[in-house]
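Please read these numbers as outputs of a predicted model, since none were measured by experiment. Any value given below was found using the heavy atoms of this structure, including those in side chains, with hydrogens, waters and symmetry copies removed.
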Amino acid sequence: MDGGPVMPTLDLNFAQPCRRFSPTLMWILAALLLAIAGALLYQQQLLKQQIEAKTNTSTAGPITKSVVPQSPALMHSIALAHETQRALNLAWLPTLKALEQVQQANPEIKLLSIQPSPSKSEIVITGQTAKFDDLVQYQNSLHKQGLGEAVLLSQHSDVLDTGAKSTIGFMLAVGWRP
């Protein structure tokens, strides 16, 4: 090949040469990080000392109890809270077992509701039966079960249809000792 133009050589290495950090720059950076860490640690110690100082001064003083005058409304609220707590802490299981035993002994009585009233020490029972004698027997069974006197509060007869049997609706107040 003779004298024709010669093509220049191509450089196919496109990577930039890697610069290395100088050791001096690395030592300066490490010293700067240590200084920042030391300053943060110093601030933490100062805050800890300030918190301890405030805690010690607040508990070092004498403890005084303030006397709050008790108003009648406050006394009533406290009494109501005590009464509610007493009502909630009653032993309901024996009472409910006694009612269940009376109900099993008198299956002809259909109970509609049982409403305990701890403040009056009574249970109001609402129910139905076909015969008045069954109601009297149920009333006596409640008293014999140890629930106290069963007082008939109300009664009424309901005739469902012209040919159907009538039912007697009743409401009893049963004395109960909490």
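Using a distance-only test at 3.5 Å, with no hydrogens or angles considered, a donor-acceptor pair links the side chain of Gln139 to the main chain of Ala150. Between the side chain of Gln103 and the backbone N or O of Ile109, at least one donor-acceptor pair lies under 3.5 Å.
A single hydrophobic cluster is seen to contain both Leu152 and Val102, as judged by linkage of ILVMFWY side chains at heavy-atom distances under 4.5 Å, directly or through other members. Put simply, Leu111 and Val174 are part of the same group of oily side chains (I, L, V, M, F, W, Y) that touch within less than 4.5 Å, one to the next.
Residues Ser157 and Ile168 come closest through the heavy atom pair OG-CG1, 4.3 Å. Heavy atoms only, all atoms of each residue included: His143 and Gly148 are closest at ND1-O, 3.0 Å. Of all the heavy atoms in Leu153 and Ala173, the pair that sits closest is CD1-CB, 3.7 Å.
The closest side-chain heavy-atom distance from Ile125 to Leu99 is below 4.5 Å. Using a 4.5 Å cut-off on side-chain heavy atoms (C-beta onward), Gln49 and Leu46 make contact. At a threshold of 4.5 Å between non-hydrogen side-chain atoms, the residues Gln101 and Gln145 count as touching. Proximity of Ile114 to Ile123: side-chain heavy atoms (C-beta onward) are separated by under 4.5 Å at one or more points.
Taking CD of Gln115 as the reference point, atom CE of Met171 lies at 7.0 Å (rounded to 0.5 Å). Between Leu112 atom CG and Gln128 atom CD the span is 5.0 Å, to the nearest 0.5 Å. In this structure, the separation between CG on Leu41 and CD1 on Ile36 is 13.5 Å, given to the nearest 0.5 Å.
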